[in-house]
Amino acid sequence: MCGPTIRQSIAPPATSGSAPVADATAPAANPAGLPTSYEHGNRLTPLGSEVDPILVEIVQGTLASVEMEVETAIARTSRSPMIRDAHDFRAGIHDRQLRKLTGRSYSALVHPIARDFPLEEMREGDVFFHNDVYESEGGIGHLPDLCVTVPVFNEGEVVAFVQAFGHHDDIGGACPGSMPSGAQSVFEEGLSVPPIKLWDAGVPNKAALRIMTRNSRMPDSLAADLDAECSACLMGARRLSELFARYGRDTIETAFDAILDATTQTYRREILSKIPDGTYVWEDYAEHDGVDEPQLHTQRITLTKVSTGGPGPGDGGPKLIIDFTGTSKQAKGPINHCGDYVGGNFLKKWLAPILRNLADTPERMAELDVNEGIVPLIEMKFPEKGTLLTPIYPAPTNARTFVILRLLGVLAGVVAKAVDGQMPADQETIRYTGVYGKDRDGNDYLMREVLGGGSGGRYYADGEDTIHVVPDSRNLPTEFTESRFPFIVERLGLAVDSGGAGRHRGGLGYEKHIRMLEDANFMSIADRSILACWGVKGGKAGRPFEVTIDLGGPNERVVDALADAEAVTAGQVIRIRTTGGGGWGDPLERPYDEVERDLRWGKVSFDGARTDYAVVASGTKDEPVIDVAASDALRAERRAARGEEPFFDRGPGYARLAAGSPAAEVDWV
């Protein structure tokens, strides 16, 4: 039974930090070109509404608990390795104004659902689904990311949403895994589904499910994963309904506003205040798009910090303006990302975690959530349609990871210029590798893994080894993969010397060796095989990504980082080395005892110690001996020989794509 029409926002119109009130009698066109009259982004309660701070803590804790319970349920009941084992999925909780309330991870957006389905017509048990990149309002980046959304009800009215999206094994398209590296349109990338009602009042739409599974090479795991995600979100919606019933809608919505207001004020006070007023420019690059020859695909940010213009009474707070003008035109291949929707709402929440590095301590940084409260503090300006961040349909997007990961680094770099380098160096922590073919029983299989890499060195510590930007994600367990797929994992460890040299070393990447037991095809969707993760303030770039097939054999060869079907024969070994993070600070300032520790731990080789740190060492890995006098002399020689260096070090690969130039103009401070 349909509930009554949902209440309108009671926020005062056009107050600071609130979106202008829409004219309900004249639906406006949204960036996707579809009509909508639904307000979003506004407050739920008037400014100055009060709520017990202890209750706010209870509500905030409950939201985090429900979000975690949803993710745990998905992990335990899904079937595909990418979801169940690698945990490449996220959940999120949003209020009825479509604002993200939780801050432990990023999520997709509810906007396309509210755009296409009136809230007053939604019913308990409804589940909405979409993966259409161009109709997702920027919340979905490529077709394998499937998104389910469930409305939460209180007394018959929609009061919130629970949402989950994850990277699924296969949704059709030109190659297994639905990420064809040479795609030149979305039509080659798989099945594209605009927002639909997948469950209607608790009844699954079997026709839609059959269409989706029919288009997948892995229909059973796709069906099981979708069932897990729908059921988990429905469970989360019940939990939130109980919260509303326990404390009352007005109280809960006041707490929602208080949670987001606290985030806004905290970032204004503790983070934005650390950035001096002014304008700063930096850029970085993706190196190839799978179609054209490798080249510099530019992503540029002009960052302006102003002390007035942010949210709050009198517009008196600080604000960041992020201008992407200067970003390259859209690529022929699939590295484009649809970012210019809803004012860049998704990108604001995607990029904001970088700003946490300005917190007073690492412990404080870990305490800061990124929810909708950061959105009013950031204004985004996009170039005209037809760039990497403003692609025109049907430009391909399956490898958009290259662009959105690079944007994290571009923001870190441009902020580093503003704060004298007090930001971490670069990292590249996602790439998709895998094998597919026939197993020993003649059945088709697909093993795909998202291997992490090293994070950048920081002004107070080395980078972390083999991290992944997706929270709680992991590599696939060897015991699982060897029992399910026709190969043996002969080695999985750290890639020695892969971290960029610095006063604080970059984190190390993986080194993984896979010996195939049957003929197969290797696939890779990866960047940073030419352009390394940059170092900052004297730190050096890390080592790039590399895949070698038939390691040590007669047909040993390094293959391209973008590959759909690289043939591998039974008995051959595939070696995968992932990126090391960039270094921070002058490597000649790294204390000898820290280099000795790295030698003992096997993170730096004896040759690497001499080449990267000018440290002369002998002995064994277990008992290294530093020749202090020789090292002092070598360091003095290195210092005397070097000239002025740029603020950022991009590594030797940059010159290959930049007509021999060792640094970009923006790399100097």
Side-chain angles (χ1 to χ4, degrees), residues 30 32 34 40 67 70-71 73-75 77-78 80 82-83 87-94 98-102 105-117 122 126-152 160-172 178-179 186 189-200 204-205 208-209 211-213 215-216 221-237 337-339 341-342 345-347 349-350 397-398 400-401 404 470-471:
N30 64 37
L34 297 174
H40 60 84
E67 184 180 75
V70 170
E71 292 187 354
I74 292 172
T77 58
S78 57
S80 70
M82 188 65 73
I83 300 294
H87 284 206
D88 194 358
F89 66 92
R90 299 265 57 83
I93 298 174
H94 310 252
L98 318 185
R99 302 179 303 172
K100 185 176 183 293
L101 298 168
T102 46
S105 67
Y106 58 89
S107 66
L109 303 180
V110 183
H111 297 70
I113 305 305
R115 178 195 69 206
D116 292 359
F117 295 90
M122 294 180 181
D126 284 351
V127 178
F128 300 92
F129 173 90
H130 69 285
N131 77 324
D132 187 315
V133 172
Y134 286 89
E135 293 199 5
S136 75
E137 302 289 1
I140 296 295
H142 58 183
L143 296 181
D145 282 348
L146 310 184
C147 184
V148 298
T149 305
V150 173
V152 179
F161 295 90
V162 178
Q163 189 177 73
F165 84 107
H167 188 122
H168 292 251
D169 276 344
D170 189 276
I171 194 68
S178 308
M179 296 183 68
V186 295
E189 298 180 307
L191 182 67
S192 181
V193 183
I196 64 171
K197 187 180 290 188
L198 190 60
W199 290 31
D200 189 349
N205 184 335
L209 288 167
I211 290 170
M212 285 188 279
T213 55
N215 278 272
S216 174
S221 62
L222 177 60
D225 288 350
L226 282 174
D227 188 57
E229 290 159 349
C230 292
S231 299
C233 287
L234 286 166
M235 177 270 294
H337 176 70
C338 299
Y341 293 86
V342 201
N345 185 284
F346 174 83
L347 280 181
K349 288 175 282 191
W350 170 261
T397 66
N398 74 76
R400 94 316 184 192
T401 310
I404 62 173
V470 177

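Just so you know, these numbers use all the heavy atoms, side chains as well, and skip hydrogens, waters and symmetry mates.
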Note to self: Between L146 and L222, is the side-chain contact (heavy atoms from CB on, under 4.5 Å) condition met? List the steps.
What the structure shows: CA-CA 10 Å; L146 310 184; L222 177 60; 3.4 Å; yes

Checklist line | Evaluation steps, side-chain contact (heavy atoms from CB on, under 4.5 Å), between V110 and Q163 | finding: CA-CA 8 Å; V110 183; Q163 189 177 73; 3.8 Å; yes

Margin query: Apply side-chain contact (heavy atoms from CB on, under 4.5 Å) to residues K100 and I93 and explain how you reach the verdict.
Written below: CA-CA 6 Å; K100 185 176 183 293; I93 298 174; over 6 Å; no

Next item on the list: Please test L234 against V127 for side-chain contact (heavy atoms from CB on, under 4.5 Å), starting from the C-alpha separation and ending with a verdict.
Entry: CA-CA 8 Å; L234 286 166; V127 178; 3.9 Å; yes

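Taking all atoms of both residues into account, the shortest heavy-atom contact from P194 to H130 is C-CB, 3.9 Å. The minimum heavy-atom distance linking L209 with P204 is given by the pair CD1-CB, 4.1 Å. Minimum heavy-atom separation, C233 to V148: SG-CG2, 3.8 Å. Contact record, T397 with G141: OG1-O, 3.0 Å, taken as the closest heavy-atom pair. Scanning all heavy atoms of the two residues, the minimum distance from E189 to I171 falls at O-CG2, 4.4 Å. Here the closest non-hydrogen pair linking A108 and G139 is CB-O, 3.7 Å.
Donor-acceptor pairing under 3.5 Å is lacking for the side chains of E137 and H40.
Under the ring pair (Phe, Tyr, Trp, His ring centres under 6.0 Å) criterion, H142 pairs with H167, sequence neighbours left out. Residues meeting the side chain to side chain donor-acceptor pair (under 3.5 Å) test with T102, sequence neighbours left out: E67. Every residue two or more places apart in sequence or in another chain was checked for a side chain to side chain donor-acceptor pair (under 3.5 Å) with D88, and none qualifies.
At distances below 3.5 Å, not a single donor-acceptor pair connects side-chain atoms of D116 with backbone N or O atoms of P195. For the pair S78 (side chain) and A228 (backbone), a donor-acceptor distance under 3.5 Å is absent. Side chain of N345 to backbone of Y341: no donor-acceptor contact under 3.5 angstrom is found.
Between R90 and D145, none of the side-chain N atoms (NZ, or NE/NH1/NH2) sits under 4.0 Å from a carboxylate O, so this pair counts as no salt bridge.
Using cut-offs of 30° and 60° on the angle between ring planes, the pair W350 and F346 is parallel.
Aromatic rings of F128 and F117 (six-membered ring for Trp) have centroids within the 6.0 Å cut-off, being under it.
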